[in-house]
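Computed from a prediction, not measured in an experiment: that's the story for all the values here. Lettering follows sequence order; numbering is per chain, from 1.
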There are 4 protein chains.
Amino acid sequence: MLQIGPYSFQSRLLLGTGKFPDAQTQNQAIEISESEILTFAVRKLPLNNPDAPNFLESIDLERFHLLPNTAGAKTAEEAVRIARLAHQSGLCHMIKVEVIGDDRTLLPDPIETLRACEQLLEDGMIVLPYTSDDVVLARRLQELGVHAIMPAGSPIGSGMGLLNPLHLSFIIEQATVPVILDAGIGGPADAALAMELGADGVLLNTAVSGAQDPVKMALAMKYAVMSGRMGFEAGRISKRPYATASSPESGIPV
Amino acid sequence: MLQIGPYSFQSRLLLGTGKFPDAQTQNQAIEISESEILTFAVRKLPLNNPDAPNFLESIDLERFHLLPNTAGAKTAEEAVRIARLAHQSGLCHMIKVEVIGDDRTLLPDPIETLRACEQLLEDGMIVLPYTSDDVVLARRLQELGVHAIMPAGSPIGSGMGLLNPLHLSFIIEQATVPVILDAGIGGPADAALAMELGADGVLLNTAVSGAQDPVKMALAMKYAVMSGRMGFEAGRISKRPYATASSPESGIPV
Amino acid sequence: MLQIGPYSFQSRLLLGTGKFPDAQTQNQAIEISESEILTFAVRKLPLNNPDAPNFLESIDLERFHLLPNTAGAKTAEEAVRIARLAHQSGLCHMIKVEVIGDDRTLLPDPIETLRACEQLLEDGMIVLPYTSDDVVLARRLQELGVHAIMPAGSPIGSGMGLLNPLHLSFIIEQATVPVILDAGIGGPADAALAMELGADGVLLNTAVSGAQDPVKMALAMKYAVMSGRMGFEAGRISKRPYATASSPESGIPV
Amino acid sequence: MLQIGPYSFQSRLLLGTGKFPDAQTQNQAIEISESEILTFAVRKLPLNNPDAPNFLESIDLERFHLLPNTAGAKTAEEAVRIARLAHQSGLCHMIKVEVIGDDRTLLPDPIETLRACEQLLEDGMIVLPYTSDDVVLARRLQELGVHAIMPAGSPIGSGMGLLNPLHLSFIIEQATVPVILDAGIGGPADAALAMELGADGVLLNTAVSGAQDPVKMALAMKYAVMSGRMGFEAGRISKRPYATASSPESGIPV
């Protein structure tokens, strides 16, 4: 069970809803992934024009928890404003704080992220910050009271997987809240690795929506997250450079 | 469907039967893995002492294909003798040719492996050689007529995963028979990666039998292989070092 | 030429002075490395006991720039106090700001590091912060006015080299001040790689002082830094997975 | 000192002569690299047309050992014929045996390479085979009597460096003749790494001839090979994931 603030989830796969080829594919992918948490950019919603079409219309809101993000924000103030807009609309209690500090890599600004989280926690929201894999920053966010840490594996949409598995392990070791690997997943092996290292969940979007067959990839990711989690729980063998025979020499002489 | 010679299999996970803590754990792991092909060392069987206990007694032979290996052989002659022993016992038509050329790494001897395969193919057996990730050697074996290529990811039992994913990809690209990653798998992410790169199957043993919870790890590996295969079929996104936003900036100005 | 604030240096190798087996070995290593900047912990100096022995006595202070660090500080206040102590002693104008946020990894605290730098820049010191490889944090420090950025390759003394070469490249691309790879160097290849990626310098200590032959390793590192820098300036070939013949087939038919 | 058969060399950098922009750049690069062994394809020489221009004319043959290679050969017979042509021309006693088994990767054919070496050793030549990083094949070649082993780091001209450092280490550990890393070097860090792992030499070509400034890159490679070798001899620190302070906390309380 993944526990984020007061909420419990069976699935450890969080799915983003951006850039699917069409709404039907998106909904099939969501369905087959068995994700219970969907993320999307608040900026994409026509909140001030209730009659405009938007992706939420096609979602059964009873079945999913929404995790809107503050994509587009470059300062704490912008992130807080976007988060409050989402909160006040009644859509959600959870918010993914995303304050981008660099346009090429879309990596987060640590200072503005900390400030935004501080304010939104005071507002009483369930706060999940997107962060780099800076080990001490992750602990700082945790000490602030955030409800999960969401370190980047590699730049958003890059498909480069986990650039620094050791940093992710360090963050996990010291974590007192869930660690959800966010950004950079390319294929199932990346998701499995994050989970195998002890992450509590994986958030991904482009890896599914940008695949040639998004629905099949969504299913692949469901199994990848399950397998990685089980592998973590099952206690994998340690690495050693030399061989150990799996077929001991015994029995008949040949 | 994995097709090896005349046989078809639903499962792409091949499981070794060495070094489980006890027979019950082994059988539960086999069961939950849904593997259809089990490997074991012919040398471990008391073929010349039919009354001695052996692991085959606890296996429902109707349900599994046996893939005995020639572990212990250091020359083609030894491997051929071991293979024929297994074949003549009526246990199997398939043989995993394993001719070790180095005691520390248990890496295979390319020349002896080629020679053993040549003879066993003449015998009419279904021949699956364990090989290094030498790209041209893999093609040579294939040209000889072997029924699958089984390149090592890393030394047997090392848990180091895929040391050279590019070589595995090269072997897969040119393969006209199934490529089954054999040796070195440590955790589910390794198995998922091999499959994601296009391998047709994964053979592993220590990763499951040596895990703290072998049964749970067997299940993890089942899902890992499934997820990697689906990921391969679904066509993953390509890698690029820079970010691409999954949440395009549009909608309301905030 | 490496330019840090008002100072110019021929050498791009900065050497730490901790943990050498003895003073003579240390001095020989310093000599042969041709380093012009030496680092040490202010805390190791008996500043309030001028008669106690200390390593500076054996150094020809005319020939080297000293770069004391604030090791031991866990807050901005502590770092500032240590830095001022060093500055007031007349030993140095440069200070390496090191505010540790995690005892196991000795990774830096981004917030306290920023705060300490801000104050020391106001004091008029030449400030070189030790930082993680957080890309946006590096730019924030730069915008504050620091005179160089010193990202960690991996934990201090770990010898794990560059865990995340891509992040280092990102930091270098956006840098307007020198980027000096600090911490984690294990062998010459690590130092060469940092320089090849475009770093302006490398600071290392344990890799030399902890080697079996520190003096020879100091010379190795001198050449590694030179080779990496030249490689960067010479414009290396790009990577591609397939081969291109270096020996075109032409000339005589054979 | 690098010892190959009866010859001793100060330099551990072997330089290929293919694909330089012009003869002057090539000669300057050779000069500055301080290489003592130059490689080239026999096929590129107009051996049956002595009046045609060729690169050897501009080389001071007194100062260099020539290591012609059998590039273009796809069988042992072709390689032997090319090697004898070179030998009989009086140009060389050493030959790099290169029998390509795959056009896309230019990776060598293990069987044909073995056969060619066997024949050329009988001819009395000094034989240096280009091989994959197959550990047992390397030992087989060594047992045959070859005078050095030349494993590929990655495909020729790919610039991908060492794809499998562990296999290179295995080859080095068991070697009784020099191991010269051949093919795949991209930048100085790759060359330094091969040497740091214990290789006796590095052969490269495209990394220098294809660089934007081949002459400067040749110098970079000279230093890279020196630094890696010294690093190997100096005994580098081992890797460990956690930090160890290079600045012990002692001295004054601050």
Side-chain angles (χ1 to χ4, degrees), chain C residues 16 18-19 41 43-48 69 71-72 81-82 85 104-106 155-160 186-189 192-193 196 205-207 210-213 216-217 219-220 223-224 226-228 230-231 233-247 249-252 254, chain D residues 16 18-19 41 43-48 69 71-72 81-82 85 104-106 155-160 186-189 192-193 196 205-207 210-213 216-217 219-220 223-224 226-228 230-231 233-247 249-252 254:
Chain C
K19 301 199 294 185
R43 290 186 86 141
K44 288 177 66 185
L45 293 183
L47 289 182
N48 50 3
N69 66 53
R81 188 164 46 149
I82 296 172
L85 207 58
R104 290 182 74 190
T105 61
L106 297 181
I156 294 173
S158 71
M160 299 194 79
L193 180 56
E196 189 181 316
N205 186 339
T206 311
Q212 287 172 37
D213 183 341
K216 183 175 272 191
M217 190 59 91
L219 185 58
Y223 287 128
M226 285 170 58
S227 76
M230 285 179 196
E233 292 173 353
R236 60 159 280 165
I237 57 172
S238 55
K239 297 183 184 185
R240 49 195 156 185
Y242 291 106
T244 49
S246 48
S247 302
E249 294 184 28
S250 62
I252 55 162
V254 285
Chain D
K19 300 200 296 185
R43 291 186 85 142
K44 288 176 67 186
L45 294 184
L47 290 181
N48 51 1
N69 67 54
R81 187 164 46 149
I82 296 172
L85 207 58
R104 290 182 75 190
T105 61
L106 297 181
I156 295 172
S158 71
M160 298 195 80
L193 180 57
E196 189 182 317
N205 186 338
T206 312
Q212 287 173 34
D213 183 341
K216 182 175 274 190
M217 189 59 91
L219 185 58
Y223 287 128
M226 286 170 58
S227 76
M230 285 178 195
E233 293 174 353
R236 59 158 282 165
I237 56 171
S238 55
K239 297 183 184 185
R240 50 195 154 183
Y242 291 106
T244 48
S246 48
S247 301
E249 294 184 29
S250 61
I252 54 161
V254 285

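Residues passing the side chain to side chain contact (heavy atoms under 4.5 Å, CB included) test with L193(C) are L162(C), L197(C), A189(D), sequence neighbours excluded. With sequence neighbours excluded, the residues satisfying side chain to side chain contact (heavy atoms under 4.5 Å, CB included) with A211(D) are M217(D).
Among G16(C), G187(C), S238(C), the residue with the largest count of heavy-atom pairs under 4.5 Å with chain D is G187(C). In terms of heavy-atom pairs under 4.5 Å with chain D, the best-connected choice from A192(C), G159(C), A224(C) is G159(C).
Taking all atoms of both residues into account, the shortest heavy-atom contact from M160(D) to K239(C) is CG-CB, 4.3 Å. The two atoms that bring G231(D) and P188(C) nearest to each other are CA-CG, 3.7 Å, heavy atoms only. Residue S227(C) comes nearest to A220(D) through the heavy atom pair CB-O, 3.1 Å, listed as atom of the first residue, atom of the second, then distance.
For E196(D), the part lying near chain C is the side chain, with the backbone staying farther off; criterion is any non-hydrogen pair under 4.5 Å.
Atom OG1 of T206(C) sits about 11.5 Å away from atom CZ of R236(D), to the nearest 0.5 Å.
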